[in-house]
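Every number for a ligand or one of its atoms is a count from 1 in the order of the listing.
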Amino acid sequence: MATENFDVIVIGAGPAGYHAAIRAAQLGLKTACIDAALGKDGKPALGGTCLRVGCIPSKALLDSSRQFWNLTHLFGEHGISAKDPQIDVGAMIGRKDKIVKQFTGGIAMLFKANKVTAYYGFGQLQPGNVVTVKQHDGSTVELKGTNVVIAAGSDSIELPFAKFDQKMIIDNVGALDLTEVPKRLGVIGAGVIGLELGSVWKRLGAEVTILEALPDFLAAADAEVAKTAAREFKKQGLDIRLGAKVSKADIKKNEVHVTYTDAKGEQTIVVDKLLVSVGRRAATKGLLAEGTGVKLDARGMVEVDEHCHTGVDGVWAIGDCVRGPMLAHKGFEEGIAVAELIAGLPGHVNMDTIPWVIYTEPEIAWVGKTEEQLKADGTPYKAGSFPFAALGRAVAMAEPAGFVKVIAHAETDRILGMHLVGVNVSELVHEGVLAMEFSGSADDLARICHAHPTLSEAVHDAAMAVSKRAIHKAN
Ligand code: FAD
Ligand code: AMP
């Protein structure tokens with residue numbers, strides 16, 4: 001078999017992999033990118049989980065369902081009414097599929113424009129930086145890279161008692177493709193994916209019950225943010241049961257009987273569909289042949305140092321298949337950093353300023369440390385917050401729920417974290433990211449002119465509240 005040589009071979013064309021491949025090619029390196037995934041139409045589709053069955057399709061459905069929810073629950077306040085509003089689930093899913101196709105096709109076009117050679121099939125790393133690709137037509141090609149970047153991503157974790165059939169027991173793939181609104185939807189896991197996809201189907205009329213084993217809601221988020229979000233979700237009718245550990249899911253006729261244990265003992269709910277969203281694991285099965293020297297940890301993640309290097313000469317790993325948050329933008333940055341390191345440039349990802357967003361209604365976002373973490377670390381801090389209910393723009397939009405909180409070091413005033421819950425906070429959080437990247441203080445943010453009336457004024461007033469000088473609320 002003839003071997004094709006490259007400067008860089010990337011395994012996986014998700015957010016992490018396509019960023020690495022395009023940036024490497026921009027830097028003049030001869031680059032290949034391999035991806036095994038097929039789209040809904042059975043044809044190769046680049047872009048990974050994010051573009052096919054993750055970030056983008058979920059946001060498409062969140063947006064469609066939000067429009068419907070607003071029409072049926074919010075527009076009345078604006079004096080707008082509509083007779084008998086209906087949702088055409090087929091049209092909604094069709095719109096989502098069109099967006100997915102546009103963006104997965106977009107990556108193929110970007111590869112062409114940047115002269116990245118795409119290989120469609122399953123890549124396996126062999127010793128000596130050789131990668132074999134088993135292509136969809138059954139043939140195998142062999143590539144050799146001065147550098148190999150592993151960007152294999154992640155798959156849904158399956159519970160042994162609730163195997164996915166993608167009809168009754170589903171993961172994100174099934175939940176993004178339902179053909180009708182289920183009457184009763186059960187969700188295991190109140191994490192980001194469970195809350196977002198649970199919200200989609202709740203807004204369209206499903207009775208949604210979310211079972212979460214942990215006693216605290218959104219334990220990783222700021223406690224006040226989590227409390228506010230829980231209150232708003234309850235108002236919307238999302239039934240979130242905490243301390244509820246699921247142990248059984250039996251399909252009986254057209255129903256799923258879900259057994260869980262909470263403080264009151266064993267309980268059962270009966271649902272029409274069960275979404276299992278209990279986390280994701282690195283997709284490293286079959287990725288490494290014997291003798292590559294690349295190590296996997298106990299959870300199957302590729303072991304890397306802070307520069308995403310595996311310790312094997314020329315072999316790197318990035319994105320969901322390595323440590324750190326499983327977020328597309330974390331993978332983007334690692335992809336760019338690794339390509340730049342390969343080209344001899346400085347490349348670095350600051351893990352302390354990666355923003356988190358949950359695209360529910362209200363949205364939840366944060367960057368940096370929570371008050372709870374700072375207390376545990378013994379770091380002295382001061383916090384200031386500002387509610388959207390006191391902000392002209394938010395009230396004019398009929399979106400008064402939530403607040404912005406800025407946390408700064410008690411002595412230096414340096415911003416240590418920003419926590420937000422409310423409308424469009426997925427955009428506002430970047431003021432915090434930017435301020436933290438520039439080692440900004442709460443006073444810096446307080447002295448920056450913000451346009452009026454905007455939602456970002458809540459960030460401004462929260463920064464002023466850190467030193468008890470907010471104008472639009474009592475300090
Ligand atoms: P992936 O996107 O998983 O891509 C890996 C690619 O590599 C896949 O196409 C796979 O087929 C391919 N591959 C794997 N092994 C091989 C192999 N051996 N040979 C060839 N190809 C291979 N993150 C956010 O930041 N924001 C969001 O709003 C968001 N929403 C999400 C919603 C849902 C429902 C889900 C499931 C995830 C969401 N995520 C979100 C997470 C985000 O999708 C992931 O963090 C991101 O896709 C990880 O990128 P990656 O490149 O590491 O891996
Ligand atoms: P995430 O990792 O953010 O997608 O969240 C997954 C959630 O699922 C976590 O909060 C887990 O506590 C929860 N979880 C995992 N297994 C179970 C289970 N058997 N029953 C209920 N919740 C679970």
Would [X] and [Y] pass as an ion pair if we require N to O under 4.0 Å?
X    : Y    : answer
K202 : E207 : no
R184 : E255 : yes
E224 : K227 : no
K245 : E266 : no
K369 : D377 : yes

Could you walk me through whether D97 and K40 pass salt bridge (charged side-chain N to carboxylate O under 4.0 Å, His left out), step by step? CA-CA 8 Å; D97 289 342; K40 241 176 114 172; 2.6 Å; yes
If we only count heavy atoms from C-beta on, is the L176 to L61 side-chain gap below 4.5 Å? yes
Answer yes or no for S277: is there a heavy-atom contact with ligand 1 below 4.0 Å? no
For ligand 2, would you mind listing the residues that have at least one heavy atom less than 4.0 Å away, ordered by chain and number? I188, G189, G191, V192, L211, E212, A213, L214, A244, K245, V246, S277, V278, G279
Indicate whether any N or O donor in one side chain lies under 3.5 Å from an N or O acceptor in the other, for Q267 and D262. yes
Taking 4.0 Å as the limit for heavy-atom contacts, which would you say applies to Y18 with ligand 1: side chain only, backbone only, both, or neither?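 Near ligand 1, Y18 shows nothing, with every heavy atom at 4.0 Å or more.
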Backbone, side chain, both or neither: what part of N172 comes under 4.0 angstrom of ligand 1, heavy atoms only?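 Side chain only.
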Looking only at protein heavy atoms, what sits closest to atom 28 (O) of ligand 1 is K59 NZ, 2.7 Å
Given D35, D171, I193, L38, identify the one with the heavy atom nearest to atom 9 (O) of ligand 1. D35
